[in-house]
Trainee: 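Sharing a structure below in structure tokens format, with a few things to ask.
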Amino acid sequence: MAKKTTDKAFLSGNEALAYGAWEAGLKVACAYPGTPSTEILENLSKFKEIDTQWSVNEKVAYEVAFAASVGGVRSLFACKHVGLNVAMDPLMTSSYTGVNGGFVVVVCDDPGMHSSQNEQDTRWVGIYSKMPILEPASPAEAKFFVGEAFTISERFDTPVILRMTTRISHSKEDVELKTRVEAPPKPLEKDIRKYVMVPGNARIRHEVVEKRLVKLKAFAEKTKLNKVEVGSKSLGFVTSSVSYSYLKEQYPEASYLKLGFTYPFCDDKIRQFSKSIRKCIVVEELDPFLEEHMKTLGVKFTAKDPSFRLGELLPDYMKAIVEGQIKKVKPVKSRPPRMCPGCPHWITFSVLKKLGFFVAGDIGCYTLGALPPTSALHSCVCMGAGVTFNEGLRRAHPEDKIVGVVGDSTFVHSGITGLVNAAYNKAKGVIFILDNRTTAMTGGQNHPATGLTIRDEPTKELDLKKLCEACGADYVDQIDPTGNLKEYETLVAERIAADALSVIISKHPCKLIKRNI
Amino acid sequence: MKNQVCNIVFGGIGGQGILKASEICGWAAMYDGRHVRKSEVHGMAQRGGSVESHLRFGRTVYSPLVGLGEADFLLCFHEEEHPRLKPFLKKGGMDLMEYLPKAREIIENPKALNTAMVGVLASYLSICEEAWMQSLETVFPGKILDLNKAIFIKARSLRDGA
Ligand SMILES: Cc1ncc(C[n+]2csc(CCOP(=O)(O)OP(=O)(O)O)c2C)c(N)n1
């Protein structure tokens, strides 16, 4: 007979985190999608007690969620690592104001770049913003840590960063389920000195932040989130996140200082631990974050060879790291992703390829247009840059054949401002909005131009055509490219020939759209 | 008692239901009272690219990934992906590749290949019947549950019946 498991579920790190946040009484949660973070909001939206939304972009999401915290309820913002760059403006000053209801900033890093344009390590943001960082090592820990993060946020009056990675977000574990505990919302308070960050007030708050760091450091020394596991005296690891799991499997006899509250650093604990061990090794994924700091403590330890700073750490690398070797990888041939057969994006790329234009690209499924044999997309840096790269490249080469492409979700996220800028600064060219009626790359999330909310409820639909006209485009055409190739090619040729700023909205729904009604 | 951990690697290409296959096994192992860890890939990689999912269960499991040469079972859903995944198998590990054509024969809709292959795998695992059924009920919505149960049961007898 199967054992009693009614209070258990097999959940991913993202699902577990959502469940833990619900248990902790979370009231408001906002995000813009981004692998590997997307399922956090998707799962939170299933709880009727939580007010959830897909926001227009990460800056907006951060501000709405943070304001709910200032309003006195527990709130959460979630993003992928690069999403945090977009939210950095509110983030940096939210550290000064502090919170009212607990506020947790969930950031999912992507070591190995399974689905990302870079491999930035969010832990540095802790130092930069002076906010604490929690790092769970498993889905069960993600669930537990998010509750702890809310408590720490309220106790120390600070936003708390909960740093996940792809392997935590997208791995599953059996976890225990509990019930929800909700605190009554606090009243809306007018506290000008805390929440109006003009220089006079901000100077005082900066001092508060520095004092808070000292208190957080004292907490780091005591908290059980930083756990010493006493084992062999001859070998010990200072480690965090998924690296802990890999090591524990292969070196079960070793001693461990497992950091769950990574920043501010628990200097005393680190010193004590490294002194008690003959060979102390720091094992951390990506940047030498702990390593650089431990060098300043003057303790004896070794760390991974710099070659391991690239990519994610894998179980098979642990031995080489422990032995101080360089990273050796056997190249394996794996199948690259590509646009689906019948995807409407294909048509635009086949037209652009024939014309031989430089195509300023953006991020989404259509970025796959850069792969051979299509090879018809020539830049991709960050969201919104399909619009702004058309302008900048033309400033360098006014006579060259240049166009820009951007997806519908990406245009709403950060293409609009670029279009206003182009119109205002008299830039020319054609911007293609590849409107497949969804955020396809991240699994098909709604956005303002779909007219549906995160819960698939109808809402005001953003009219892209009217919007582009209002931004100042000279021509805005909307066309379904499928089964319409001649007409599409004629339109493109006409707009390219014109000395104007044009937008062509190429509109056809993605085949993978599924609604959960 | 030794901490016996069972390591399984699932692989194929986007759209073949690889993640669902490891999902069924994960829930079943949990219902059977084991500690379970599983890894998978989402996003960009799913667009027709190689997809891989690792499942590990036992008394205590730490790593969500199976190391090279450590898999007890390999379930590969696509012939071209097999050479890439083969190195995960340990010496004496079970490669269920030979069952792929037979599994294809017992299904009408290619989408059900995952359930069929899990059925084959189930015949090698010590997870109890009730846990498997509970898992299928968790993973499949009402409309397709009975069909998947039937495929699972049929595929489980492929091991001896072949
Ligand atoms: C700042 C930032 N946020 C989120 C992401 C993750 N992301 C990559 S592409 C994309 C959206 C793609 O949607 P769309 O523009 O509609 O193109 P589609 O994939 O549908 O073709 C998202 C959310 C990112 N790369 N950067």
Side-chain angles (χ1 to χ4, degrees), chain A residues 1-5 8-10 12-14 34-36 38-39 80 110 113-116 137-140 166-175 242 244-250 252 312 314-316 318 330 332-341 343 365 367-368 440-443 512, chain B residues 3 5 11 13-15 19 22-23 26-57 60-70 78 80-81 83-85 87 127-135 138-139:
Chain A
M1 210 193 85
K3 311 219 167 55
K4 186 182 166 287
T5 41
K8 274 189 138 191
F10 184 52
S12 73
N14 285 348
T35 314
T38 311
E39 302 82 11
K80 69 181 291 171
D110 189 17
M113 292 178 277
H114 297 273
S115 259
S116 300
S138 69
T166 303
R167 286 293 168 207
I168 311 295
S169 285
H170 290 167
S171 70
K172 295 201 166 192
E173 184 175 16
D174 50 304
V175 299
V242 77
Y244 166 79
S245 313
Y246 300 153
L247 289 167
K248 197 72 186 164
E249 199 85 49
Q250 292 174 44
E312 69 171 329
L314 295 172
D316 295 316
M318 292 302 129
K330 277 194 233 131
V332 279
K333 241 177 83 193
S334 75
R335 190 181 281 255
R338 56 190 192 94
M339 282 187 278
C340 307
C343 169
C365 283
T367 315
L368 298 170
M441 176 96 284
T442 45
L512 301 180
Chain B
N3 180 23
V5 174
I13 65 172
L19 302 187
S22 62
E23 184 79 2
W27 280 94
M30 187 196 86
Y31 285 131
D32 201 47
R34 324 290 181 97
H35 182 203
V36 196
R37 299 289 300 264
K38 149 175 142 87
S39 81
E40 49 190 49
V41 285
H42 292 216
M44 175 81 111
Q46 282 178 298
R47 292 277 168 275
S50 301
V51 173
E52 196 176 302
S53 179
H54 296 193
L55 183 78
R56 313 185 65 233
F57 59 86
T60 313
V61 184
Y62 289 100
S63 167
L65 290 177
V66 176
L68 292 172
E70 285 180 0
H78 197 285
E80 282 172 31
E81 291 292 301
R84 187 177 69 80
L85 297 169
I127 290 175
C128 74
E129 172 75 6
E130 197 184 330
W132 282 114
M133 291 305 129
Q134 237 178 314
S135 164
T138 306
V139 172

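A note on names: the letters A, B, ... follow the listed sequences, proteins ahead of strands, and every chain is numbered from 1.
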Trainee: Closest heavy-atom contact between B:G67 and A:D316?
Mentor: CA-OD1, 3.5 Å

Trainee: Can you name the closest pair of heavy atoms from B:L65 and A:L314 and give their distance?
Mentor: CD1-CD2, 3.6 Å

Trainee: Could you work out, with ring-ring contact (aromatic ring centres under 6.0 Å, His included) as the rule, every residue matching A:Y246, not counting sequence neighbours?
Mentor: none

Trainee: Checking A:P36 against chain B: side chain, backbone, both or neither under 4.5 Å from a heavy atom?
Mentor: neither

Trainee: Between A:E249 and B:R56, does at least one N-O distance fall below 4.0 Å, as a salt bridge requires?
Mentor: yes

Trainee: Do B:Y62 and A:Y244 come within less than 4.5 Å of each other through their side chains, counting heavy atoms only?
Mentor: yes

Trainee: Salt-bridged, A:K172 to B:E23, with N to O below 4.0 Å?
Mentor: yes

Trainee: For the residue pair A:S171 and B:H54, establish whether any side-chain heavy-atom pair is separated by less than 4.5 Å.
Mentor: no

Trainee: For A:L247, is it the side chain, the backbone, both, or neither that has a heavy atom closer than 4.5 Å to a heavy atom of chain B?
Mentor: neither

Trainee: Side chain, backbone, both or neither: which part of A:C343 has a heavy atom under 4.5 Å from chain B?
Mentor: neither

Trainee: Chain A heavy atoms under 4.5 Å from B:L55: which part of the residue, side chain, backbone, both or neither?
Mentor: side chain

Trainee: Between A:K333 and B:R84, what is the shortest heavy-atom contact and its length?
Mentor: O-CD, 3.1 Å

Trainee: Heavy-atom cut-off 4.5 Å, strictly under: side chain, backbone, both or neither for A:D174 against chain B?
Mentor: both

Trainee: In Å and rounded to the nearest 0.5 Å, what is the CZ to OG distance from A:R167 to B:S63?
Mentor: 9.0 Å

Trainee: Heavy-atom distance under 4.5 Å to chain A: side chain of B:E81, backbone, both or neither?
Mentor: side chain

Trainee: What closest approach, in Å, do A:K8 and B:M30 show between heavy atoms, and which atom pair accounts for it?
Mentor: O-CE, 3.8 Å

Trainee: Measuring from atom OG of A:S334 to atom CG of B:L85, what distance do you get when rounded to the nearest 0.5 angstrom?
Mentor: 10.0 Å

Trainee: Where does A:A137 contact chain B at under 4.5 Å (heavy atoms): side chain, backbone, both or neither?
Mentor: backbone

Trainee: Roughly how far, to the nearest 0.5 Å, is the CG atom of B:L68 from the NZ atom of A:K330?
Mentor: 7.0 Å

Trainee: What's the separation between atom CZ in B:R37 and atom OG in A:S245, rounded to the nearest 0.5 Å?
Mentor: 5.0 Å

